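One structure is given here, and the rest of the page talks about it.
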Amino acid sequence: YNNLAQVYVAENRFDESERLLKKALTLFEAISGPKHENVAMAKNNLGMMYFLCGRYKEVEPLLKEAAGIWESTLGPEHPKTLIARENLAILYSTLQRYEEAEPLFLRTFETMERVLGPEHPSLAGPFLHVRGGFLISPFADFRVAPGLWNNGGFALSSPRGMVFLP
């Protein structure tokens, strides 16, 4: 269900995607229990689909739950935990909750850089958000929302930059 739901998201078929993602979540919870890493994946993906639909009130609890499950099952420095945190920071930035977004972006980036190494390709997303000196609204077409510091750079982001996991 999860993979087909992601295809539907790419095709902007959100109603069909939501149905499949909810079904995947229900199945994962029934089979593996509520704290399994597959449940976290389903919650992350459902949250990201809601984000793309602009259903922001539904996103935050799902991403927080996903991050919490991954942190407790895989550890605080696991890439999946860091992806959930970055997605949450993108949500906060979109909602103009910059005082919450900035430290989350910074902690996530610094952890990824330390764990993966400074040249790892996974750092491209957080690098744009953190090192560019700005926090970006993914729905703002080339509008830049200033963060709390400025190094003269800027970054652009898009909703497709948020991470869904297979």
Side-chain angles (χ1 to χ4, degrees), residues 1-10 13-95 97-117 120-130 135-139 157-166:
Y1 297 112
N2 186 58
N3 291 341
L4 182 56
Q6 291 180 47
V7 170
Y8 288 159
V9 165
R13 296 166 60 183
F14 297 115
D15 290 339
E16 294 163 280
S17 178
E18 179 181 22
R19 182 180 55 79
L20 291 176
L21 288 169
K22 283 183 172 181
K23 188 167 188 158
L25 177 57
T26 300
L27 288 172
F28 286 138
E29 286 177 329
I31 293 168
S32 305
K35 299 297 181 188
H36 192 271
E37 66 179 278
N38 287 339
V39 172
M41 175 202 52
K43 288 183 178 203
N44 180 76
N45 292 351
L46 183 60
M48 295 297 76
M49 191 275 306
Y50 287 152
F51 178 90
L52 294 174
C53 293
R55 295 167 60 177
Y56 301 126
K57 289 183 181 181
E58 297 166 270
V59 176
E60 185 174 8
L62 290 166
L63 294 183
K64 282 184 170 182
E65 290 169 22
I69 293 168
W70 277 328
E71 185 166 341
S72 66
T73 59
L74 302 174
E77 296 183 344
H78 191 277
K80 288 181 180 179
T81 304
L82 298 173
I83 285 169
R85 285 192 195 141
E86 183 184 7
N87 286 344
L88 191 56
I90 292 169
L91 172 68
Y92 291 155
S93 179
T94 300
L95 298 175
R97 291 165 54 183
Y98 303 120
E99 52 290 328
E100 294 169 86
E102 183 181 34
L104 196 50
F105 274 130
L106 286 169
R107 277 196 323 268
T108 301
F109 178 81
E110 289 165 358
T111 302
M112 290 176 82
E113 188 175 48
R114 182 173 38 76
V115 170
L116 302 174
H120 195 278
S122 295
L123 294 173
F127 181 82
L128 291 176
H129 297 295
V130 175
L135 300 177
I136 309 306
S137 168
F139 287 108
S157 183
S158 76
R160 298 288 185 228
M162 299 191 75
V163 181
F164 289 83
L165 297 170

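Just so it is clear, the values below take in all heavy atoms, side chains as well, and ignore hydrogens, waters and symmetry mates. Predicted, not measured: the structure shown is a model, and the values here were computed from it. Nothing fancy with the numbering, it's 1 onward along the sequence.
Side-chain contact, Y8 with E18: no donor N or O sits under 3.5 Å from an acceptor N or O.
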List the atom pairs, with distances to 0.1 Å, where a side-chain N or O of residues 26-43 and a protein N or O form a donor-acceptor pair under 3.5 Å, not counting sequence neighbours.
residue: T26; atom: OG1; partner: K22; partner atom: O; Å: 2.9
residue: H36; atom: ND1; partner: N38; partner atom: N; Å: 3.0
residue: K43; atom: NZ; partner: E65; partner atom: OE1; Å: 2.4

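Separating the CD atom in E86 from the CD1 atom in I83 is a distance of 8.0 Å, to the nearest 0.5 Å. Atom CG in L74 sits 12.5 Å away from atom CD in E77 (nearest 0.5 Å). From L46, atom CG reaches atom CD of E58 across 8.0 Å, with rounding to the nearest 0.5 Å. Rounding to the nearest 0.5 Å places CG of L88 at 8.0 Å from CZ of R97.
The heavy-atom pair separating V59 from L91 by the smallest distance is CG1-CD2, 3.7 Å. Shown here for P103 and Y98, the closest heavy-atom pair between the two residues is CD-O, 4.2 Å. Taking both residues in full, the closest heavy atoms of E71 and T81 are given as N-OG1, 3.5 Å, listed atom of the first, atom of the second, then distance. Taking all atoms of both residues into account, the shortest heavy-atom contact from A101 to S93 is CB-N, 3.7 Å. M49 and V9 make their closest contact through CG-CG2, 3.6 Å (heavy atoms, listed as atom of the first residue, atom of the second, distance).
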Derivation and outcome, side-chain contact (heavy atoms from CB on, under 4.5 Å), residues F105 and I90: CA-CA 8 Å; F105 274 130; I90 292 169; 3.8 Å; yes
Mind running side-chain contact (heavy atoms from CB on, under 4.5 Å) on N44 and L63 for me, showing each step along the way? CA-CA 5 Å; N44 180 76; L63 294 183; 3.5 Å; yes
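Side-chain rings of Y56 and F51 approach one another, their centers coming within less than 6.0 Å.
Every salt bridge (Lys or Arg N to Asp or Glu O under 4.0 Å) that R13 has, sequence neighbours left out, goes to E11, E16. Under the rule for a salt bridge (Lys or Arg N to Asp or Glu O under 4.0 Å), the partners of K64 that lie at least two apart in sequence or sit in another chain are E60.
A 4.5 Å side-chain heavy-atom check between L21 and N2 finds at least one atom pair inside the cut-off. Looking at P76 and R85, their side chains come closer than 4.5 Å, going by heavy atoms from C-beta outward.
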